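If you scroll down you'll find the structure; I have some questions about it.
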Amino acid sequence: MDFIIPVPEAFNFSHCVSYLRRSPKELLHVFEGDTLIKVIRASGHSVLFSVRYLTGEGIRVDMITPRKTALVSAVEKYVREWFDLDTDLRPFFEMASKDKLLKPLAAQYYGYRIVGLPDLFESLVWAVIGQQINLGFAHTLKQRFVEHFGERLTIRGATYYLFPEPGVIAQLHPEDLLTLQFSRQKSRYIIGLARAFASGEISREKLQAMEPGERMETLLSIKGIGSWTANYVLMRTFRYPEAFPLGDAGLNTALRRLLKLDRKPTSAEVQRIFQRYRGWEAYATLYFWKSL
DNA sequence: CGCCAGGTTAGAG
DNA sequence: CTCTAACATGGC
């Protein structure tokens with residue numbers, strides 16, 4: 001059972017996939033050659049599917065198991081969000097082609113899009129894990145977290161993981177995560193997040209229904225979620241093109257190199273540069289990250 | 001050993 | 001409101 005999702009203008013599957021290949025520690029999807037395989041939860045099922053790119057046609061999705069027609073729309077919706085298929089990036093590239101800093105990046109990585117994180121709990125936890133540590137270590141922590149607490153499926157001899165459920169993490173004590181080398185602070189934040197999701201206090205659906213201002217306020221009211229994390233999540237989960245993780249270490253490093261500074265740029269300098277990307281800050285950030 | 005890494009918080013001024 | 005120490009640990 002398979003179907004094809006047409007892709008929009010200014011879309012490059014390979015560039016998006018290279019992002020998904022950036023860590024060998026990633027357990028939440030698997031590559032078999034050029035085919036990408038993943039499990040998601042939909043309507044109470046663990047749904048295993050694969051995607052690959054067919055030149056001139058689009059993204060081909062194969063339902064592996066269960067092969068139920070009723071689950072097709074959930075998988076299609078997931079893939080659309082995952083690969084950012086519903087954003088018209090033509091205005092961004094038009095703007096980037098006239099910008100000294102972005103032009104070479106936009107040309108080299110044309111069609112690269114923000115790989116989404118449709119699951120809000122996963123998105124928040126991943127952002128918290130990534131706070132203040134290098135990305136390699138962040139991937140190590142996530143790997144341990146998923147291995148220890150995520151649901152595991154074995155199909156035809158291969159193992160696939162789901163991101164841990166809030167209900168499972170909500171029952172942990174900080175010590176359980178300290179053992180995995182999470183800091184006490186991260187442990188508290190993550191368990192707190194899990195409890196808020198498990199109790200229903202926070203959910204993607206609730207935040208989705210809010211006005212942008214209230215959504216931002218709600219995110220910032222959560223312990224462990226500051227401005228950087230809130231913007232990261234608005235970028236990857238809620239797809240705000242104007243989300244802007246100001247202060248991001250990677251963005252600072254990228255700008256430092258591109259501007260040939262002998263120090264990291266100040267927050268004021270970054271803000272001044274980004275004035276010209278107004279409305280597209282998330283994508284400008286994405287391309288600066290890509291330059292690393 | 002020192003400093004930085006996809007920061008946030010609580011407390012002081 | 002702004003500034004700062006503390007938080008923990010890997011990697012260079």
Side-chain angles (χ1 to χ4, degrees), chain A residues 16 18-26 28 105 109 112-117 119-120 122-145 148 172-196 202 216-240 242-258 261-271 273-274 277 281-292:
Chain A
C16 295
S18 73
Y19 173 83
L20 292 170
R21 285 187 191 274
R22 71 187 171 150
S23 174
K25 295 170 183 162
E26 182 56 66
L28 298 180
L105 295 168
Y109 303 114
Y112 180 41
R113 286 166 179 256
I114 296 172
V115 174
L117 228 30
D119 183 312
L120 180 60
E122 177 185 342
S123 186
L124 285 162
V125 171
W126 172 233
V128 168
I129 287 176
Q131 288 170 0
Q132 182 57 21
I133 60 175
N134 62 69
L135 261 184
F137 185 40
H139 277 111
T140 300
L141 293 180
K142 178 182 164 187
Q143 179 183 33
R144 292 177 185 159
F145 187 72
H148 282 259
L172 263 36
H173 298 284
E175 290 68 30
D176 299 319
L177 294 178
L178 287 170
T179 311
L180 306 186
Q181 287 181 292
F182 283 62
S183 68
R184 186 167 294 276
Q185 197 176 36
K186 278 191 207 303
S187 307
R188 289 203 191 106
Y189 292 162
I190 289 168
I191 293 168
L193 270 170
R195 293 185 176 160
I202 303 170
M216 178 60 111
E217 255 183 59
T218 305
L219 287 170
L220 293 176
S221 72
I222 305 168
K223 282 285 165 280
I225 310 304
S227 171
W228 178 88
T229 309
N231 278 284
Y232 182 86
V233 165
L234 289 176
M235 179 175 172
R236 300 229 18 224
T237 301
F238 291 106
R239 296 210 162 284
Y240 283 34
E242 72 276 28
F244 182 23
L246 179 63
D248 178 83
L251 179 59
N252 287 338
T253 303
L255 289 175
R256 174 181 171 164
R257 285 190 200 169
L258 292 168
L261 302 175
D262 56 359
R263 48 164 180 83
K264 79 173 187 186
T266 65
S267 156
E269 288 171 325
V270 177
Q271 287 185 75
I273 291 162
F274 268 72
Y277 307 139
E281 289 88 342
Y283 288 90
T285 301
L286 180 78
Y287 279 78
F288 287 133
W289 279 341
K290 189 73 175 168
S291 76
L292 300 169

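A quick note: this is a predicted structure, and the numbers were derived from the prediction, not measured. Within every chain, numbering begins at 1; the chains are lettered A, B, ... in the order of the sequence lines, protein sequences first and strands thereafter.
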> Rounded to the nearest Å, what distance is computed from the NZ atom of residue A:Lys264 to the C1' atom of nucleotide B:dA5?
Replying inline: 10 Å
>> Holding to salt bridge (Lys or Arg N to Asp or Glu O under 4.0 Å), I want the full list of residues that pass it with A:Glu269, two or more places apart in sequence or in another chain.
In response: A:Arg263
> Given atom CG of A:Leu193 and atom C1' of B:dG7, what is their separation to the nearest angstrom?
Replying inline: 14 Å
> Heavy atoms, side chains only, cut-off 4.5 Å: are A:Leu124 and A:Tyr189 in contact?
Replying inline: no
> Separation of A:Lys142 atom NZ from C:dG10 atom P, in whole Å?
Replying inline: 20 Å
> Under the side-chain hydrogen bond (donor to acceptor under 3.5 Å, both in side chains) test, which residues partner A:Tyr240, sequence neighbours left out?
Replying inline: A:Arg215
> Residues from residues 223-231 of chain A sitting under 4.0 Å of DNA chain C, heavy atoms only?
Replying inline: none
> In whole Å, what is the span from the CG atom of A:Leu124 to the P atom of B:dT8?
Replying inline: 12 Å
> A:Leu141 has an atom CG; how far is it from atom P of C:dG11, in whole Å?
Replying inline: 10 Å
> With a 4.0 Å cut-off on heavy atoms, is A:Leu286 in touch with a base, just the backbone sugar-phosphate, or nothing at all?
Replying inline: nothing
>> Just to verify, what does A:Ser187 make a side chain to side chain contact (heavy atoms under 4.5 Å, CB included) with, not counting sequence neighbours?
In response: A:Pro174, A:Leu177, A:Leu178, A:Phe182
>> Going by the rule side-chain hydrogen bond (donor to acceptor under 3.5 Å, both in side chains), which residues pair with A:Arg236 if we only count those two or more places apart in sequence or in a different chain?
In response: A:Tyr19, A:Tyr232
>> Below 4.0 angstrom, which residues in residues 245-257 of chain A have at least one non-hydrogen atom near DNA chain C?
In response: none
> In chain order, what residues pass the side-chain hydrogen bond (donor to acceptor under 3.5 Å, both in side chains) check against A:Glu281, with sequence neighbours excluded?
Replying inline: none
>> Once side chain to side chain contact (heavy atoms under 4.5 Å, CB included) is applied, do any residues pair with A:Glu217, and if so which ones, sequence neighbours excluded?
In response: none
> What one-letter contact string describes nucleotides 3-9 of chain C from 5' to 3', where B marks a base within less than 4.0 Å of any protein heavy atom, S marks contact via sugar-phosphate atoms alone, and - marks no contact?
Replying inline: ----BBS
> Using a cut-off of 4.0 Å on non-hydrogen atoms, how would the nucleic acid contact of A:Phe244 be classed: base, sugar-phosphate, or nothing?
Replying inline: nothing
> P atom, B:dG11 versus C:dA8: distance in rounded Å?
Replying inline: 16 Å
> Does any pair with a residue in residues 132-142 of chain A pass salt bridge (charged side-chain N to carboxylate O under 4.0 Å, His left out), and if so which ones, sequence neighbours excluded?
Replying inline: A:Glu26-A:Lys142
>> Using the rule given for side chain to side chain contact (heavy atoms under 4.5 Å, CB included), can you reason through A:Leu246 versus A:Ser227, listing the C-alpha separation, both sets of side-chain angles and the distance that settles it, and then say yes or no?
In response: CA-CA 8 Å; A:Leu246 179 63; A:Ser227 171; 5.8 Å; no
> Quick one: side chain to side chain contact (heavy atoms under 4.5 Å, CB included) partners of A:Ala230, sequence neighbours excluded?
Replying inline: A:Met216, A:Leu219, A:Leu220, A:Ile225
> Which residues pass the side chain to side chain contact (heavy atoms under 4.5 Å, CB included) test with A:Ser18, sequence neighbours left out?
Replying inline: A:Lys290
> Could you give the NE2-to-C1' distance, from A:His139 to B:dA5, as a whole number of Å?
Replying inline: 14 Å
